[in-house]
Amino acid sequence: MSFTLHGAGAGGGIAIGQAHLISSARLEVAHYTIAAKQVEQEVMRFSAAVELVRTELQGLRQSVPAGAPAELDAFLNLHLMILDDATLSRAPRELIRSLKCNAEWALVLQMDQLVAQFEKIEDPYLRERKADVVQVVERVLKAMQGRPGRALAAPARAESLIVVAHDLSPADMMLFKQHQYAGFVTDLGGVTSHTAILARSLNIPAIVGAHTARQMVHEGELVIVDGVHGVLIVAPDELVLAQYQQRQRELERGRQKLKRIRSTPATTRDGTTVDLHANIELPQDIEQVRESGATGVGLFRSEFLFLNRDDLPSEDEQFEAYRQVAQAMRGMPVTIRTLDLGADKTVNGSARGGPNPAMGLRAIRLCLAEPQMFLTQLRAILRASNYGNIRLLIPMLAHAHEIEQALTMIAQSKALLDEQNLPYDRGIQVGGMIEVPAAALSLGVFVRKLDFLSIGTNDLIQYTLAIDRTDDTVSHLYNPLHPAVLHLIAHTIKTGSRMNVPVAVCGEMAGDVTLTRLLLGFGLRQFSMHPANLLAIKQQILKSDLGPLPKLSNRILRTDDPENAKRLLEKLNA
Ligand code: PEP
Ligand code: MG
């Protein structure tokens, strides 16, 4: 029977394909199917990991010091028992064989079943033993992931599959980046969560906040993902299917047409040229950037080099990544944001930072608390600056002393390179992100100390409106047109222009075609967005006359009636 679910559209376009359900636990494990001839090899990989964990646990037991509490031995024993139990050590082998799936997936499927059984147990002590099961599973997963040959194989038929999951972390999305899934649907998540942003960067139709999709959709069922309107249609009838197929063809035609303006400068009808830069997560995104006709990289979210791994990338590894991007952009600006780890982006195995991670030890706060990690990155970026036009961007600044400390550490990194006679761009520009309201309200120190500013509207909205951007239960309150948000943005752009400090917008607002004229009206001349949005924004700029925009934009800024703001915006976009 056909039915429809609603969420928020997170990636444009329409996808039609078979639902592929992703387990709700340990989401960071890879899910892929394998060829029949690889099955026994996969079973062996699983068995080897179980063996490795057994040796590890036995070793731990032997190393328990004489005076240690008795619980420690009991706990290790329990874990060994769980590991040796056939439901955990044998059943996944059968699942690998019957489902022809990778070992991690089989193990997590089996774990889900076991955990569900534990949850039915009345005795609270025994019920809580499910945590031990999960811990043992995590050990085995780690053992598998630590082994060579972890790289993901291409899943069969991925291009016709729609991933349906309860939640996906940014790290999951990075793994999916290596496959060509047709679409994504998650129960949780807001439209500007990093997961949704990544879905957009993959240029794949996606819906977040679909609430019950994972529960209601069955594996293999035909589904339509309308990423524009946030609608998921399950088991569509023939008429609906035909309509969406037609819409899909129209969208594709529109996309092909836009390609014609790829190398046209983004100039308004009255002759002002606007910089359209691209946001990237990894060096391999550069190909898409070049196809989009972007004239620079306005935001390289460098922390994505740190995800899906247990160790930190070395200075040399980072240097190679930054250099690759700088060289590929051939002299065009490449803005590398220093690590924005914390909140929803964590290194494997490390806990989400603190009780309220978005407000915790995140981004520059974490970097200043971990100077070695920060210095390593700064040195890598500086070394790469010798190979192109690199700019440094510091995220989440709020305090003058954070700016001071970051600049001191940059100077320190330069001095270290000087000592070793390693070349770097001595005039490298350093900018700051404006994404905390406190920063937007105390711009004096920012414009005095920094060479440029970049407004991160995703976080600016989150922190101004006190709305967790990853929480779909409050995503209806996430409103870029809230007068407080618009005031902070307009004030930052106008202050930058008055003080001769360039200001860009690199949050999702920059890639929203309905907001292009409003931002132009505030005086914005630098936009950075996902390459997938760039040509549509360019088209809007080509169609726009700057003349009347400031007056109308300021009227929107002055109104405190949301309906009126909407009407005025429609007028601006007419
Ligand atoms: C932002 O906050 O708008 C931004 C561009 O940074 P991120 O989305 O990576 O937090
Ligand atoms: Mg941000």
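Whatever order the structure lists ligands and atoms in, that order sets their numbers, starting from 1.
Counting heavy atoms under 4.0 Å from ligand 1, residue Met509 does not touch it at all. Counting heavy atoms closer than 4.0 Å to ligand 1, residue Arg337 contributes side-chain atoms (C-beta onward) but none from N, CA, C or O. In Gln462, neither the side chain nor the backbone holds a heavy atom less than 4.0 Å from any atom of ligand 1.
Ring orientation note: the planes of Tyr181 and His20 are close to parallel, at an angle under 30° on the 30°/60° scale.
A salt bridge between Arg525 and Asp275 is absent, with no side-chain N of the basic residue lying under 4.0 Å from a carboxylate O of the acidic one. Residues Asp285 and Arg301 are not paired through a salt bridge, judged by the lack of any N-O separation under 4.0 Å between the basic side chain and the carboxylate.
Summarising the geometry, atom CD belonging to Glu404 is positioned 11.0 Å from atom CG belonging to Leu397; distances are rounded to the nearest 0.5 Å.
Below 4.0 Å from some heavy atom of Asp459 lie the following atoms of ligand 1, by number and element: 1 (C), 2 (O), 3 (O), 10 (O). Numbered from 1 in the order shown, with element, the atoms of ligand 1 that lie under 4.0 Å from a heavy atom of Leu299 read 5 (C). For ligand 1, the atoms lying closer than 4.0 Å to a non-hydrogen atom of Ile197 are 8 (O). Close contacts of ligand 1 with Arg469, meaning ligand atoms under 4.0 Å from a residue heavy atom, involve 2 (O), 7 (P), 8 (O), 10 (O). For ligand 1, the atoms lying closer than 4.0 Å to a non-hydrogen atom of Cys506 are 5 (C). Of all the atoms in ligand 1, the ones that sit under 4.0 Å from a non-hydrogen atom of Arg362 are 10 (O).
The shortest N or O to N or O distance between Arg301 and ligand 1 is below 3.5 Å. At under 3.5 Å, a nitrogen or oxygen of Thr457, whether backbone or side chain, sits near a nitrogen or oxygen of ligand 1.
Considering every non-hydrogen atom in both Thr338 and Pro395, the closest pair reads OG1-CD, 3.2 Å.
The protein heavy atom nearest to atom 7 (P) of ligand 1 is His194 NE2, 3.2 Å.
Checked against the Mg ion (ligand 2), the N, O or S atom of Asp459 at the shortest distance is OD2. The N, O or S atom of Glu435 lying closest to the Mg ion (ligand 2) is OE1.
In this structure, Glu303 and Leu307 have side chains that are not in contact, with every pair of non-hydrogen atoms separated by 4.5 Å or more. Within the 4.5 Å cutoff, the side chain of Phe374 has heavy atoms near those of the Ile364 side chain. Looking at heavy atoms from C-beta onward, Ile461 lies out of side-chain contact with Glu508 at the 4.5 angstrom threshold.
Side chain to side chain, Thr335 and Arg391 meet the donor-acceptor criterion of an N or O pair below 3.5 Å.
Applying the side chain to side chain donor-acceptor pair (under 3.5 Å) test between Ser302 and each of Gln377, Gln318, Arg337 identifies Gln377 as the sole match.
The heavy atom nearest to atom 4 (C) of ligand 1, out of those in Val505, Asn458, Ile434, Leu460, is found in Asn458.
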